[in-house]
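A short worksheet on the structure shown next.
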Amino acid sequence: MQSLYSIEQTQSDNLVKEEKFLLFSIDQMYELFLINLQLLVEIRKHAADLLDISKKKYLPTSEEKNPNTKFINNEILLLLEKNILLKEEMDKKRLNCWELDGEYVAILWKEIRESDQYKSYMSTKFSAFREDKDFIIEIFKEIIAPNEKLYDYIEDKKLTWVDDLPLVNTSIIKMLRKLKESHTENMSLPKLYKDVEDKKFAIDIFKKTTLNGVEFTKEIDGRTPNWDQDRIAELDKAIIKMAICEFVKFPSIPVKVTINEYLEIAKEYSTPKSSIFINGILDKISKEYKENGKLNKVGRGLM
């Protein structure tokens with residue numbers, strides 16, 4: 001979607017170059033996933049370092065001598081810190097941003113420590129795996145993901161990251177929710193692509209939508225006769241064209257799945273009213289295509 005929007009804005013006709021940028025952007029998205037996961041590890045390390053410093057004070061208080069170590073012993077954080085795959089990926093891609101910009105780790109730790117969620121969690125000294133997991137998910141959702149300073153940092157760091165942030169954060173939450181106590185020794189990381197077909201689909205939907213863009217634009221124009229075309233957001237056009245492409249060029253994808261997926265994308269990335277507008281257009285197009293025999297769907301339940 002972003003690549004199609006970019007092509008429209010720049011009027012580029014270099015499909016090879018744009019495809020390379022698409023794959024590069026997807027790789028960058030995975031890097032954002034890794035550094036946001038590593039951020040949890042760095043926050044734990046920062047908290048542990050501060051505890052060590054407190055213990056070494058010349059005249060430590062009794063609380064500093066015997067601190068509550070529940071946060072730094074959180075099983076989810078320890079799982080991430082011990083994860084060999086995460087470390088290998090961070091090293092391979094040389095993702096050392098938290099070493100260079102550690103002040104953001106400190107900012108987030110301060111917000112976590114001052115939060116009601118943290119105070120409630122630390123009201124006891126021991127916890128089970130489920131409580132540890134629920135706590136990390138909650139602070140990630142409520143404190144880390146929406147943090148404005150972190151958002152500004154990510155926006156400044158790499159051009160494509162801000163648009164990818166909602167998807168990346170959602171993926172991290174999904175990953176954390178799936179963790180079980182049995183994963184203690186072999187926690188895996190999600191892959192960038194599920195398989196070869198997954199990567200091929202990304203390339204195919206981009207190429208086929210681009211190459212048939214003029215035809216798909218006519219389809220949109222023909223069903224919005226009372227609309228000034230300048231009033232239709234370019235992002236909405238890109239979303240609708242991708243959906244039309246799936247209707248006619250991807251026979252194995254059910255129509256309902258296509259419509260639902262692109263409505264979710266519209267809700268996340270476009271204007272508040274876009275999903276209603278897009279739903280109306282796609283519903284009209286899919287019904288007309290079905291009547292005219294243009295929906296070349298194969299398999300059960302694909303209409």
Apply side chain to side chain contact (heavy atoms under 4.5 Å, CB included) to K141 and I173, showing your working.
CA-CA 8 Å; K141 285 173 60 179; I173 293 295; 3.3 Å; yes

Check against side chain to side chain contact (heavy atoms under 4.5 Å, CB included), I205 and C245:
CA-CA 7 Å; I205 187 75; C245 187; 4.1 Å; yes

Show the numbers, then the answer: is there a salt bridge (Lys or Arg N to Asp or Glu O under 4.0 Å) between K218 and E215?
CA-CA 5 Å; K218 290 178 181 177; E215 178 188 338; over 6 Å; no

Given the rule in the side chain to side chain contact (heavy atoms under 4.5 Å, CB included) test, do W161 and E31 qualify, once you have shown the distances and angles that lead to the verdict?
CA-CA 9 Å; W161 274 0; E31 289 187 5; 4.1 Å; yes

Assess the residue pair L150 and I107 against the criterion (side chain to side chain contact (heavy atoms under 4.5 Å, CB included)); give the C-alpha distance rounded to whole Å, side-chain angles, the decisive distance to 0.1 Å, and a yes or no.
CA-CA 9 Å; L150 180 62; I107 288 168; over 6 Å; no

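Note that CD1 of I26 is 9.5 Å distant from CD of Q2, once rounded to the nearest 0.5 Å. Taking OG of S127 as the start and CE of M122 as the end, the distance is 9.5 Å to the nearest 0.5 Å. The distance from the CG atom of D156 to the CG atom of D101 is 10.5 Å, given to the nearest 0.5 Å. The distance from atom CG of L192 to atom CG of D27, rounded to the nearest 0.5 Å, is 6.0 Å. For the atom pair NZ (K92) and CG (L85), the distance works out to 9.5 Å, reported to the nearest 0.5 Å. Considering CG of L165 and CD1 of I154, their distance stands at 4.5 Å, rounded to 0.5 Å.
Of all non-hydrogen atoms in P67 and L51, the two that sit nearest each other are CB-CD2, 3.6 Å. Shown here for K267 and S275, the closest heavy-atom pair between the two residues is CG-CB, 3.8 Å. For L79 against F129, the heavy-atom pair with the smallest separation is CD1-CE1, 4.1 Å. Among all heavy-atom pairs drawn from S286 and V255, the shortest one is CB-CG1, 3.8 Å. The shortest non-hydrogen separation linking F140 to N36 is CE1-O, 4.2 Å. What you find for P190 and M175 is that their closest heavy atoms are CD-SD, 3.7 Å.
Taking a 6.0 Å sphere around CD1 of I84, one finds it holds 12 or fewer heavy atoms contributed by other residues, nucleotides or ligands. Residue R130 places its CZ atom among 12 or fewer non-hydrogen atoms of other residues, nucleotides or ligands, all under 6.0 Å distant. By the 6.0 Å contact criterion, CZ on F24 is open, its count of non-hydrogen atoms from other residues, nucleotides or ligands being 12 or less. No more than 12 heavy atoms of other residues, nucleotides or ligands shown are found within 6.0 angstrom of NZ on K287. The number of heavy atoms from other shown groups lying within 6.0 Å of CD (E114) is above 12. Within 6.0 Å of the NZ atom in K208, the count of heavy atoms belonging to other residues, nucleotides or ligands exceeds 12. Heavy-atom neighbours of K200 NZ from other residues, nucleotides or ligands within 6.0 Å: at or below the threshold of 12. Counting heavy-atom neighbours within 6.0 Å of Y5 OH, excluding the residue itself, gives a total of 12 or less.
Residues F33 and Y30 place their aromatic rings such that the two centres sit under 6.0 Å apart.
Looking at residues two or more places apart in sequence or on another chain, you find no salt bridge (Lys or Arg N to Asp or Glu O under 4.0 Å) involving D49. With sequence neighbours excluded, no residue satisfies side chain to side chain donor-acceptor pair (under 3.5 Å) with N279. D116 meets the side chain to side chain donor-acceptor pair (under 3.5 Å) test with no other residue; sequence neighbours excluded.
Proximity of K20 to V16: side-chain heavy atoms (C-beta onward) are separated by under 4.5 Å at one or more points. Side-chain contact check for I139 versus Y118: every heavy-atom pair is 4.5 Å or farther apart. Side-chain contact between W109 and I112 is present, with at least one heavy-atom pair separated by less than 4.5 Å. For the pair D164/Q28, no side-chain contact is recorded, criterion being any heavy-atom separation below 4.5 Å from C-beta on. Using a 4.5 Å heavy-atom cutoff, the side chains of T160 and M29 are not in contact. Between L39 and I35 the shortest side-chain heavy-atom distance does not fall below 4.5 Å. Counting only heavy atoms from C-beta outward, the side chains of K45 and W98 never approach each other to under 4.5 Å. Taking 4.5 Å as the limit, every side-chain heavy atom of L77 sits out of range of all side-chain heavy atoms of F135.
A donor-acceptor contact shorter than 3.5 Å is absent between the side chain of T209 and the backbone of F206. Side-chain atoms of S120 do not come within 3.5 Å of backbone N or O of Q117 as any donor-acceptor pair. At least one donor-acceptor pair under 3.5 Å links the side chain of N68 to the backbone N or O of T124. In this structure, N83 contributes its side chain and L86 its backbone to a donor-acceptor pair below 3.5 Å. With K133 contributing its side chain and R177 its backbone, the two residues share a donor-acceptor pair below 3.5 Å.
Cluster membership for L235 and F21, using ILVMFWY side-chain heavy atoms within less than 4.5 angstrom, is not shared. M90 and L78 end up in different hydrophobic clusters when Ile, Leu, Val, Met, Phe, Trp and Tyr side chains are linked at under 4.5 Å.
Residue F216 is tested with I240, V248, I285 for a side-chain contact (heavy atoms from CB on, under 4.5 Å); the sole match is V248. Exactly one residue among K87, R94, K93 makes a salt bridge (Lys or Arg N to Asp or Glu O under 4.0 Å) with D91. That residue is K87.
The existence of a salt bridge linking K191 and D198 is excluded, since no basic side-chain nitrogen approaches an acidic carboxylate oxygen closer than 4.0 Å. Using a 4.0 Å cut-off between charged side-chain N and carboxylate O, K237 and E234 make a salt bridge. Residues E131 and K70 are paired through a salt bridge, judged by an N-O separation under 4.0 Å between the basic side chain and the carboxylate.
Between the side chains of Y121 and E138, no donor-acceptor pair is found at a separation under 3.5 Å.
Below 30°, between 30° and 60°, or above 60°: for F250 and F201 the angle between ring planes is above 60°, a perpendicular geometry.
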